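Comments concern the structure below.
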Amino acid sequence: MHKVDFEMVEMTLDVMKYAIGRITHPAPELGKPKKEEELRALVGETVTPNGIGGEKAFQLFKEVLIKATVPIDHPRHLAFVPASPTRAAVMFDLVTSASSIHGAYWMEGAGGIFCENEAMKWLVSLTGLPSGSFGVFTSGGTAANLSAMVTARENWRKYPSNTNKKGLIITSSGAHSSVKSMAKVIDCDVLLVETEEQMTAEALSEKIDSLDSQQRDRLFAVVGTGGTTNAGIIDDLSGIANVCNTENLWFHVDAAYGGGALASTIARPLFQGIEQADSITIDPHKWLFSPYDCGAIIYKNPELAKEAHSQEGSYLEIFKDEGAHGFNPSDYQIQLTRRVRGLPLWFSLAMHGTDKYSWAVDQGIELANLAGNLIRKHSLVELVREPSLSCVLFRRKGWSPQDYTHWTYKNHREGFALVTPTKYKQKGVYETVARFCFINPDTTEKDIAMILDSMA
Ligand SMILES: Cc1ncc(COP(=O)(O)O)c(C=O)c1O
């Protein structure tokens, strides 16, 4: 398996040919899932004692299995938070794999970690955090949020009176599910400010004032959102920062989706206050055009993260030695062994420059505004709320929740588009509505118009 022979070289060329074809393809086919039994019937047993051979396995992958996946970068994939990695970043993902770099410690990964840190410097500069702030790339927003919450909790528990207390955090009901589920991982309770709109300083203060003294003693952090996943809403970050400052609470901003818009000249002012956060999550694999997976966690005081995350072990001692010293990404988040997953972003930034990133993010916002205008003029649909960041919520007049589901499946079945419904709460009532989330700058006005027309 490890020797290089003619067959291996041929296989490598085949794989490269496929990768070149995919990287240069302007509109990949919108695949759809099949049942597991159907896929098994089509491909048979692939993992056998003697192997089925690379050629056969690759053929099955190209002819059957890839067709049962949805390319995240399809211009009419506007569901969830789609993605649209730059071609440069995808190319360099191949190089990252081929280079086999261990990204945990400088001693082994210095050259790769150097590149990651160059990209990170730019990311940190977008936040406006004070000098000394820094971060690391994680597997995604969930891991970034968890890393921040562990850091905040460990910092709080340094005070002897907190050592044995179960922690409590406050966030809003519009916050991403990962905040609530990572709170379970660290066994802390979550209280919600009940709003899908912006969490304001007033609402947060009211929530804090409503706590009993025992709850107040357990409260150690507030998580604000810099772009809700459902509707692109940005909390009152400045007001929340002031409350956290007065109340001596850790302020984490989950900008996993919206953080890319810090690069946008149009949207940057909406994030006023983010520069006062203690920690910020931004996912380059969402709106900064990196391939999966690439999240990031940034800390105002990285030393606190190091105290919380740095792992000890006899076989790891060499990494702390003077001769090996340098920046060790594993010290600042939950993962030890790691891929240098920031490398594709670095290469793409180095190749294209940061201005093109600002332009591409602006496109997402402009597409959302364009969609808003098309919806206003269309007789069958209406806006549920004004577009926010790159999210648009709209209703098809007269439709039931089932109509939205059928419409989604029909468009997907026909290989036309993937646009899914969501729910939005207004005046205490949830309504099923349609949702666009724009990331891909290659989505066109015609794409949007055709999707709206498919609701006829
Ligand atoms: C605001 C927000 N936070 C966290 C996450 C979780 O990120 P990931 O899926 O990369 O773990 C998401 C994902 O959509 C998100 O939108």
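Computed from a prediction, not measured in an experiment: that's the story for all the values here. Positions are given from 1 along the sequence. Quick note: numbers below take in every heavy atom, side chains included, and nothing from hydrogens, waters or symmetry partners. Start at 1 and go down the list; that is how both ligands and their atoms are numbered.
- Every pair passing salt bridge (Lys or Arg N to Asp or Glu O under 4.0 Å) that includes a residue from residues 286-297 is listed here, sequence neighbours excluded: D283-K286, D293-R341.
- Using bins of under 30°, 30° to 60° and over 60° for the plane-to-plane angle, the ring pair F80/H77 lands in the perpendicular bin.
- Ring geometry, W156 versus F220: the interplanar angle falls under 30°, so the pair is classed parallel (tilted spans 30 to 60°).
- Panel note: side chain T443, backbone P75; a donor-acceptor pair is recorded below 3.5 Å.
- Looking at L367, L393, T420, V419 one by one, the single match for side chain to side chain contact (heavy atoms under 4.5 Å, CB included) with F436 turns out to be V419.
- For a heavy-atom separation below 4.0 Å, the residues in contact with ligand 1 are G140, G141, T142, N145, H176, S178, T229, D254, A256, Y257, D283, H285, K286.
- For the side chain to side chain contact (heavy atoms under 4.5 Å, CB included) with V392, the qualifying choice from V433, L78, I448, I375 is I375, the only one to do so.
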